[in-house]
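Since the structure is predicted, the reported quantities are computational estimates derived from the model, not experimental observations. Atoms considered below: every heavy atom in the structure, side chains included; atoms not considered: hydrogens, waters and symmetry mates.
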Amino acid sequence: QVELVESGGGLVQAGGSLRLSCVVSGSIHSISTMAWYRQGPGKERELLADITSGGSTNYADSVKGRFTISRDNAKNTAYLQMNSLELEDTAIYYCHADMMIVGYPREYGFWGRGTQVTVSS
């Protein structure tokens with residue numbers, strides 16, 4: 001089986017920073033795109049940023065210039081550095097990864113369980 005575990009969430013004051021991590025473990029053949037999403041109270045889940053295995057990145061306009069996605073392929077880990085946090089950034093943050101699993105012929109997408117980020121004034 002495969003597991004994605006997010007960490008690094010917590011309570012932070014507006015203007016502060018947090019760094020989220022997402023560690024992938026299990027019977028993995030390869031990981032292609034990794035991404036961070038969030039879901040705020042009463043809102044739909046939204047894509048924040050993604051990164052390919054080669055390091056190409058894309059960002060949502062809402063976080064461009066404030067958040068940075070990165071990954072360490074050797075550690076099967078993705079990161080989300082979040083700076084200049086705003087009250088509107090309060091949400092559960094989820095990691096997603098597209099992976100080839102040992103014994104299966106195609107890629108599947110997997111989600112982590114999420115980590116809570118709360119920004120206070």
Side-chain angles (χ1 to χ4, degrees):
Q1 65 274 22
V2 174
E3 188 176 28
L4 281 70
V5 178
E6 303 97 334
S7 62
L11 176 64
V12 63
Q13 284 193 323
S17 298
L18 283 175
R19 189 193 194 205
L20 306 183
S21 298
C22 170
V23 179
V24 181
S25 62
S27 300
I28 304 159
H29 184 269
S30 61
I31 305 172
S32 57
T33 302
M34 301 185 75
W36 287 96
Y37 289 72
R38 71 183 178 192
Q39 187 165 15
K43 298 181 181 179
E44 294 186 353
R45 192 171 297 191
E46 63 170 327
L47 173 63
L48 301 177
D50 59 42
I51 183 167
T52 67
S53 57
S56 296
T57 59
N58 290 290
Y59 293 92
D61 288 342
S62 59
V63 303
K64 198 173 294 183
R66 299 189 299 124
F67 291 8
T68 302
I69 190 171
S70 61
R71 64 190 282 176
D72 184 333
N73 291 331
K75 295 182 178 180
N76 290 339
T77 300
Y79 305 96
L80 187 68
Q81 177 67 43
M82 307 186 295
N83 299 328
S84 303
L85 283 162
E86 303 168 353
L87 297 179
E88 294 74 22
D89 294 319
T90 294
I92 300 174
Y93 284 69
Y94 297 91
C95 179
H96 182 275
D98 293 315
M99 292 181 271
M100 290 286 292
I101 307 303
V102 173
Y104 290 82
R106 67 172 184 85
E107 277 195 342
Y108 290 88
F110 291 85
W111 291 94
R113 294 187 177 183
T115 184
Q116 175 72 46
V117 171
T118 302
V119 183
S120 65
S121 57

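- Looking only at distances, no side-chain donor or acceptor of Thr57 sits under 3.5 Å from a matching main-chain atom of Ile51.
- Remark: side-chain polar atoms of Tyr79 are not paired, donor with acceptor, to backbone N or O of Asp72 under 3.5 angstrom.
- Across all their heavy atoms, Leu4 and Cys22 have their closest contact at CD2-SG, 4.0 Å.
- The aromatic rings of Trp111 and Tyr94 stand perpendicular to each other, their planes meeting at an angle above 60°, with 30° marking the opposite boundary.
- Note that the CG atom of Asp50 and the CZ atom of Arg71 stand 10.0 Å from one another [nearest 0.5 Å].
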### Task
Test side-chain contact (heavy atoms from CB on, under 4.5 Å) on Phe110 and Val24 and set out the steps.
CA-CA 10 Å; Phe110 291 85; Val24 181; over 6 Å; no
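- Here the OG1-NE2 distance, from Thr33 to His96, works out to 9.5 Å after rounding to the nearest 0.5 Å.
- Considering all non-hydrogen atoms of both residues, Leu47 and Trp36 come closest at CD1-O, 3.7 Å.
- When all heavy atoms are compared, the tightest approach of Ser120 to Leu87 is C-CD2, 3.6 Å.
- Contact detail for Ser17 and Ser84: the closest heavy-atom pair is OG-N, 4.3 Å.
- The two residues Tyr59 and Phe67 have their closest heavy-atom pair at CE2-O, 3.2 Å.
- Leu18 pairs with exactly one of Asn83, Leu85, Val119, Leu11 by the side chain to side chain contact (heavy atoms under 4.5 Å, CB included) rule, that one being Leu85.
- Hydrophobic clustering (ILVMFWY, side-chain heavy atoms < 4.5 Å, transitive): Val63 and Ile69 are in one cluster.
- Grouping the Ile, Leu, Val, Met, Phe, Trp and Tyr side chains by contacts below 4.5 angstrom, directly or via other members, places Val12 with Leu80.
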### Audit row: Val5, Ser25, side-chain contact (heavy atoms from CB on, under 4.5 Å) steps and yes/no
CA-CA 8 Å; Val5 178; Ser25 62; 5.8 Å; no
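- Residues forming a salt bridge (charged side-chain N to carboxylate O under 4.0 Å, His left out) with Lys75 (at least two apart in sequence, or on another chain): none.
- Note that CZ of Arg66 is 9.5 Å distant from CG of Leu48, once rounded to the nearest 0.5 Å.
- Heavy-atom neighbours of Tyr108 OH from other residues, nucleotides or ligands within 6.0 Å: above the threshold of 12.
- Arg38 contributes atom CZ, which lies 4.5 Å from atom CG of Asp89 (distance to the nearest 0.5 angstrom).
- Separation of atoms OG (Ser21) and CD (Glu6) is listed at 10.0 Å; rounding is to 0.5 Å.
- Thr68 places no side-chain N or O within 3.5 Å of a backbone atom of Gln81 that could act as its donor or acceptor partner.
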### Query
Can you list the steps and then say if Ser62 with Glu46 is a side-chain contact (heavy atoms from CB on, under 4.5 Å)?
CA-CA 10 Å; Ser62 59; Glu46 63 170 327; 3.9 Å; yes
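- Under the 3.5 Å distance criterion, the side-chain polar atoms of Asp98 are left unmatched by any main-chain donor or acceptor of Glu107.
- With values rounded to the nearest 0.5 angstrom, Asn76 atom CG is found 7.5 Å from Met34 atom CE.
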### Message
Determine whether Gln116 and Thr90 satisfy the following criterion, side-chain contact (heavy atoms from CB on, under 4.5 Å), listing intermediate values before the conclusion.
### Response
CA-CA 8 Å; Gln116 175 72 46; Thr90 294; 4.1 Å; yes
